[in-house]
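Data first, discussion second: the structure below is written as structure tokens.
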Amino acid sequence: MRVAIIGAGAAGLASLRHAKEYGFDCDVFEMRENLGGTWIYTDDVGTDRFGYPVYSAMYKGLRTNLPKEVMGFPDFPIPEQNKSYLTQAEILDFLNLYADRYNLRNFIKFNSIVSEIRPLSTNSWQLTYIQKPTHEKTTATYDAVMVCNGHYNDPVVPEIPGEEIFRGEIQHSHTFRSPEPYEGKRVLVVGAGPSGLDITLQLSKVASEVVFSHHSPEARNTCFPSNVQQRPDIKQVVSENSIEFVDGTCCCFDAIILCTGYKYSFPFLHQSCGVTVDNNFIQPLYKHMVHLEKPTMCFIGIPFNVCTFHMFDLQARYFCQHLNGTMVLPSTEEMRMHTDREMQYRWAKGCSKRQAHMMGQYQEDYYNDLAGDAKTAPIAPVYVKLRDTSVRQLYNDLLNFREDRYKLLDSENFVKVN
Ligand SMILES: Cc1cc2nc3c(=O)[nH]c(=O)nc-3n(C[C@H](O)[C@H](O)[C@H](O)COP(=O)(O)OP(=O)(O)OC[C@H]3O[C@@H](n4cnc5c(N)ncnc54)[C@H](O)[C@@H]3O)c2cc1C
Ligand SMILES: *[C@@H]1O[C@H](CO)[C@@H](O)[C@H](O)[C@H]1NC(C)=O
Ligand SMILES: *[C@@H]1O[C@H](CO)[C@@H](O)[C@H](O)[C@H]1NC(C)=O
């Protein structure tokens with residue numbers, strides 16, 4: 001069984017670790033020169049020195065928004081330390097430790113960008129990759145493909161009415177690297193996802209004024225430093241430096257940072273793979289991960305609002321159980337019906353297409369379902385509980401929640417130790 005894994009971030013590493021343990025013959029393709037994906041910091045934006053795109057949303061000074069107790073792998077937790085919320089560099093060190101522990105490095109082809117994947121009539125896959133330094137193209141055939149390319153590569157950039165008259169800089173958080181260039185400036189941050197909240201906080205330390213524009217009910221009562229004001233959505237640009245909001249108020253800005261999220265993007269999947277993305281709803285996926293028409297392809301790490309590394313690990317075990325024949329998937333028709341039913345349920349609950357793969361309140365059921373089907377270890381409830389607590393703390397106490405320290409007691413319970 002030859003398995004190709006696209007990406008050596010946390011999802012690709014977990015996939016490789018398990019696929020290797022089943023005895024599959026694995027190649028990992030990683031376009032960067034190191035492993036760790038999201039957790040690598042680079043000053044680069046746009047294109048790299050070889051002329052290929054830089055996929056990095058990481059910025060200086062980032063600390064995690066989940067405690068380390070939630071962020072480890074099931075049987076490889078993040079080592080004990082005197083804080084719970086780690087820095088970007090500490091998570092990157094942890095992923096390197098993981099790669100060394102499971103001897104993953106030799107299976108990774110670095111500086112290798114997968115440019116095309118096509119299905120072959122024999123149920124296998126033809127993969128083409130480019131070695132960035134030489135631009136040399138190579139084609140190879142695999143029995144299975146695990147797509148682990150991350151989903152913070154392709155920014156959503158909304159159009160602001162009148163933006164052509166705005167004289168300041170408008171950028172997406174994907175190219176935000178540090179608050180320093182905004183010293184003394186008036187900055188507008190748009191969008192209340194985790195990046196919008198955290199970038200607002202980072203900017204408040206150096207900018208003269210930060211306005212945080214969003215429509216999120218969760219973030220409305222969050223306390224910010226005194227130089228931060230909240231506003232509803234933007235209505236339009238009214239002059240070269242002034243923006244009007246939908247409540248009729250106006251403010252002047254030197255710069256706008258759009259923290260407006262990302263699109264799932266698989267530019268290397270040839271059309272004949274039959275994968276579509278409609279407003280961030282990816283089809284045709286069984287259980288948010290298996291290509292139900294061509295089930296030797298899977299996607300690891302699609303769901304969001306999850307216990308990230310734990311879920312990657314579980315999804316990888318699920319897919320390996322299937323590839324190995326230990327778990328038999330239902331027929332294509334049954335998988336399609338199952339998926340339709342699940343999506344009907346989600347739409348009826350008020351999920352939008354953008355939330356098609358959102359877990360949050362559904363995550364425990366999702367994990368138990370995967371683990372049950374694959375007869376593999378479930379994710380202990382304590383991780384979901386601690387994640388929920390920590391997300392609540394983020395909104396309740398944005399300024400201090402990263403000082404909280406937690407300790408896991410057993411598979412059900414944790415305590416806050418400070
Ligand atoms: C700013 C930021 C902060 C975050 N903070 C947290 C946090 O606090 N806690 C948390 O749990 N999660 C956080 N996340 C989510 C984070 O994305 C996940 O934790 C996790 O790192 C995702 O891993 P991944 O392997 O799915 O994707 P990535 O880490 O993005 O890895 C994908 C890899 O695939 C490679 N790749 C892509 N396309 C190709 C191609 N065509 N050919 C070859 N290689 C390719 C990329 O170079 C990359 O190395 C954060 C994300 C961002 C952007
Ligand atoms: C894979 O399948 C083989 C043959 O059925 C079985 O013996 C083996 O235990 C399976 N491997 C794992 C890791 O489950
Ligand atoms: C945590 O440990 C580091 C060194 O390991 C030390 O520099 C730091 O002061 C400690 N912090 C606390 C809160 O004890």
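Basis for what follows: all heavy atoms, side chains included, without hydrogens, waters or symmetry-related copies. Atoms within a ligand are numbered from 1 in the order they appear, just like the ligands themselves. Note that the coordinates shown come from a computational prediction; the quantities given were computed from them, not determined experimentally.
Residue-ligand proximity, F29 to ligand 1, at heavy-atom distances under 4.0 Å covers atoms 43 (C), 44 (N). Using a 4.0 Å cut-off to heavy atoms of F268, the atoms of ligand 1 that qualify are 41 (N). Ligand 1 places these atoms under 4.0 Å from at least one heavy atom of G7: 33 (C), 34 (O), 35 (C). Those atoms of ligand 1 with a heavy atom of R32 less than 4.0 angstrom away are 47 (O). Here is the list of ligand 1 atoms found below 4.0 Å of a heavy atom in A11: 24 (P), 25 (O), 26 (O).
For a threshold of 3.5 Å applied to N or O pairs, the pair formed by Y55 and ligand 1 contains no separation below that value. Checking only distances, M31 does come within under 3.5 Å of ligand 1, N or O to N or O. Remark: ligand 1 and T38 share an N or O pair separated by less than 3.5 Å (distance only, no angle test). For ligand 1, the polar-atom distance check against N65 finds a nitrogen or oxygen pair separated by under 3.5 Å. Residue-to-ligand polar distances keep T64 apart from ligand 1: every N/O pair is separated by 3.5 Å or more. Taking distance alone, with nitrogen or oxygen atoms compared against 3.5 Å, V114 approaches ligand 1 more closely than that limit. Considering backbone and side-chain atoms together, T308 places an N or O closer than 3.5 Å to an N or O of ligand 1.
Between R63 and E90, none of the side-chain N atoms (NZ, or NE/NH1/NH2) sits under 4.0 Å from a carboxylate O, so this pair counts as no salt bridge. Classification of D44 and R32 as a salt-bridged pair fails, no side-chain N sitting under 4.0 Å from a carboxylate O. Note on D388 versus R392: no salt bridge recorded, every NZ/NE/NH1/NH2 to OD/OE distance being 4.0 Å or above.
The aromatic rings of Y262 and Y152 sit perpendicular to each other, their planes meeting at more than 60°, with 30° as the lower class boundary. The aromatic rings of F29 and Y142 sit perpendicular, their planes meeting at an angle over 60°, well past the 30° parallel limit. Under the 30°/60° scheme for interplanar angles, the aromatic rings of H214 and F212 are found to be tilted.
Considering every non-hydrogen atom in both R387 and V70, the closest pair reads N-CG2, 3.9 Å.
Results of the side chain to side chain donor-acceptor pair (under 3.5 Å) test with S84 over E69, K407, R405 single out E69 as the only residue that passes.
Contacts of ligand 2 (protein heavy-atom distance under 4.0 Å) are Y22, Q321, N324, T326.
Residue contact annotation: Y129 has no non-hydrogen atom under 4.0 Å from ligand 1. Heavy atoms of A57 approach ligand 1 to within less than 4.0 angstrom. The closest approach between a heavy atom of S112 and any atom of ligand 1 is below 4.0 Å. Residue contacts with ligand 1: A10 is included, with a non-hydrogen atom under 4.0 Å away.
Here atom 32 (C) of ligand 1 lies nearest to C148 when heavy atoms of S173, G37, C148 are compared. Between atom 37 (C) of ligand 1 and the options I5, L269, N149, the minimum heavy-atom separation is to N149. Remark: among candidates E30, R63, H151, M311, the nearest residue to atom 47 (O) of ligand 1 is E30, based on non-hydrogen atoms.
When non-hydrogen atoms are compared, ligand 1 lies under 4.0 Å from the side chain of M71 (C-beta onward) but not from its backbone.
Ring pair F94/F76: centre-to-centre distance below 6.0 Å.
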